[in-house]
Student: 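The structure that follows is given in the form of structure tokens.
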Amino acid sequence: YMGQYRFAMIQDDVIWEIINKGHCSFKTKTVTQDFCRNEYNVTGLCNRRSCPLANGQYATIQEHEGVCYLFMKTIERAHMPKKLWEKIPLDKSYMKALEQIDENLEYWPKFLIHKCKQRVTKIRQMLIRMRKLKMQIREKIEPLRKKTEKKELARELKAQKAAELEKAIEKELLQRLNNKVYKGIYNYPQKAYEKVLDKEATAQSESEDEYVMDEPEINVEESEEESEEEIEEEKEEENEEDFPRRTEPEIEIEGEQNGPEKATYQLNS
């Protein structure tokens, strides 16, 4: 076993020399520090102890759908890529999860045990924040898809033009049928024809109702009073024609003080 372990250590050192000095697809270089984008990296840093490729014995923590899992890689499974990582689900309780890490990583390096516990705490805090944010009412932001909107507008315009054309053709045909332009036997949609006739009938009835509503209202009492006054005036005119009024003579009398005055005397008929 010790010989196998020493061979693995030599192999890991060779891998790290190639990755560090050569090319690694997971490495991202910055001004201050290098980072690792491998999903199994326990710290996210690119160094000898944190690299999951250059360590035959490695452990990390991952989260899937709110559940934390402990992933362990050993030297004995290096020749089986399918069974390389052992997956152990951790308990929902934080303290029990830490106990599981201590049990499974009992004789492992203290660096990996400490980093796995740190990763569990950070993931737990992240899940708590996610639950709190889900409980809050927040506005949902949706992206604007200009290409799809343009396609939908073009489809709507085409459909609208087709509908207008169909309506115009239908209207023209029904108008010709109504005017009895075509003679003989022919097939046409009877329901559509009756529907147009019903629309025309309703339109005529509505126009007649509007005309009746626009007529002025006549007050019956005022009209009766006016008719009675007209009848009385006609009777007076007839009486005047039958019995004309007699003119009365005027006599001038000279007054002593106030001058000439006019006096009228009614003669007994």
Side-chain angles (χ1 to χ4, degrees), residues 1-136 138 141-143:
Y1 179 77
M2 291 299 293
Q4 189 179 2
Y5 181 73
R6 285 175 184 173
F7 177 74
M9 290 295 293
I10 295 165
Q11 189 179 1
D12 293 343
D13 291 335
V14 172
I15 292 167
W16 174 247
E17 285 179 4
I18 293 166
I19 290 170
N20 191 23
K21 294 179 181 179
H23 172 72
C24 180
S25 60
F26 298 108
K27 185 188 287 187
T28 54
K29 292 183 178 181
T30 60
V31 178
T32 57
Q33 202 171 10
D34 295 341
F35 293 96
C36 182
R37 291 181 295 177
N38 195 319
E39 59 179 350
Y40 292 105
N41 195 316
V42 74
T43 59
L45 301 174
C46 183
N47 53 40
R48 176 70 178 84
R49 290 195 297 177
S50 299
C51 183
L53 302 176
N55 287 288
Q57 190 178 14
Y58 198 79
T60 185
I61 304 292
Q62 285 191 0
E63 180 264 331
H64 294 285
E65 297 180 356
V67 181
C68 293
Y69 295 93
L70 174 64
F71 284 83
M72 295 189 299
K73 182 176 78 168
T74 58
I75 301 164
E76 291 81 16
R77 292 192 297 273
H79 64 285
M80 294 185 293
K82 187 177 180 181
K83 299 177 182 179
L84 184 63
W85 292 94
E86 185 182 355
K87 185 178 178 182
I88 299 168
L90 298 177
D91 197 271
K92 290 184 178 180
S93 176
Y94 176 67
M95 299 304 295
K96 289 182 180 179
L98 294 178
E99 289 176 2
Q100 284 180 329
I101 291 169
D102 289 329
E103 288 175 3
N104 290 293
L105 305 178
E106 188 174 358
Y107 301 106
W108 287 53
K110 291 182 180 180
F111 172 77
L112 287 174
I113 296 168
H114 178 61
K115 291 298 177 183
C116 287
K117 288 181 179 179
Q118 277 188 342
R119 194 171 174 84
V120 166
T121 53
K122 290 292 181 183
I123 289 169
R124 294 276 176 170
Q125 291 172 2
M126 182 191 70
L127 293 171
I128 290 164
R129 287 197 299 271
M130 286 171 65
R131 290 192 192 99
K132 286 181 180 179
L133 289 171
K134 282 182 180 179
M135 294 295 289
Q136 294 177 1
R138 300 177 68 185
I141 299 168
E142 293 184 358

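Sequence positions, counted from 1, serve as the residue numbers for this chain. As the structure is a computational prediction, the values presented were derived from the model and not from experiment.
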Student: Just so I know, are the side chains of Leu112 and Arg49 near enough to count as touching, which here means a heavy-atom distance under 4.5 Å?
Tutor: no
Student: Does Arg124 count as lying over the ring of Tyr94, i.e. NZ or CZ under 6.0 Å from the six-ring centre, within 45 degrees of the axis?
Tutor: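 Ring-cation test returns no.
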Student: Quick one: does Leu133's side chain get under 4.5 Å of Gln136's, heavy atoms only?
Tutor: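 With C-beta onward as the side chain, the pair touches.
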Student: Using modelled atom types only, decide if a donor and an acceptor are shared between the side chain of Gln62 and the backbone of Glu39 within a distance under 3.5 Å.
Tutor: yes
Student: Got Arg131 and Leu127 here, is their nearest side-chain heavy-atom distance under 4.5 Å?
Tutor: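 Yes, at least one pair of side-chain atoms sits under 4.5 Å.
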Student: Might you point out which heavy atoms bring Cys51 and Tyr58 nearest each other, and give the distance in Å?
Tutor: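 Distance-wise, the nearest heavy atoms are O-CE1, 3.9 Å.
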Student: Taking all non-hydrogen atoms of both residues, which atom of Leu105 and which atom of Ile113 are closest, and how far apart?
Tutor: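 Of all heavy-atom pairs spanning Leu105 and Ile113, the closest is O-CD1, 3.0 Å.
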Student: So, Asp12 side chain and Gly56 main chain: donor-acceptor pair closer than 3.5 Å or not?
Tutor: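 It does hold such a pair.
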Student: Tell me, do Leu70 and Ile61 make a side-chain contact under 4.5 Å, heavy atoms counted?
Tutor: yes
Student: Under 3.5 Å, side chain of Asn20 to main-chain N/O of Trp16, donor-acceptor pair present?
Tutor: no
Student: Might you point out which heavy atoms bring Lys27 and Ile19 nearest each other, and give the distance in Å?
Tutor: NZ-O, 3.5 Å
Student: Which atom pairs, one a donor and one an acceptor, fall under 3.5 Å between side chains of residues 77-91 and the rest of the protein, sequence neighbours left out?
Tutor:
| from | atom 1 | to | atom 2 | distance (Å) |
| --- | --- | --- | --- | --- |
| Arg77 | NE | Lys83 | O | 2.9 |
| Arg77 | NE | Leu84 | O | 3.4 |
| Arg77 | NH1 | Thr74 | OG1 | 3.4 |
| Arg77 | NH2 | Met72 | O | 3.2 |
| His79 | ND1 | Glu76 | O | 3.1 |
| Asp91 | OD1 | Ser93 | N | 2.9 |

Student: With sequence neighbours left out, write down each residue that passes ring pair (Phe, Tyr, Trp, His ring centres under 6.0 Å) with Phe71, or none if nothing qualifies.
Tutor: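 For Phe71, the residues satisfying ring pair (Phe, Tyr, Trp, His ring centres under 6.0 Å) (neighbours in sequence not counted) are Tyr40.
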Student: Give a yes or no answer on whether the side chain of Lys115 reaches the backbone of Ser50 with a donor-acceptor pair at less than 3.5 Å.
Tutor: no
Student: Mind checking the CD1-CH2 spacing from Ile101 to Trp108? Nearest 0.5 Å is all I need.
Tutor: 12.5 Å
Student: Can you name the closest pair of heavy atoms from Asn41 and Cys36 and give their distance?
Tutor: ND2-CB, 3.1 Å
Student: Working to the nearest 0.5 angstrom, can you tell me the gap between Leu98 CG and Lys96 NZ?
Tutor: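 One finds 12.5 Å between CG of Leu98 and NZ of Lys96.
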Student: How many angstroms lie between CG in Asn55 and CG in Asp13, if you round to the nearest 0.5 Å?
Tutor: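 That separation rounds to 9.5 Å.
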Student: Starting at CD1 of Ile123, measure out to CZ of Arg119 and round the result to the nearest 0.5 Å.
Tutor: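 Reported to 0.5 Å precision, the distance equals 5.0 Å.
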Student: Are Gln118 and Val42 close enough that some pair of their side-chain heavy atoms sits under 4.5 Å apart?
Tutor: no
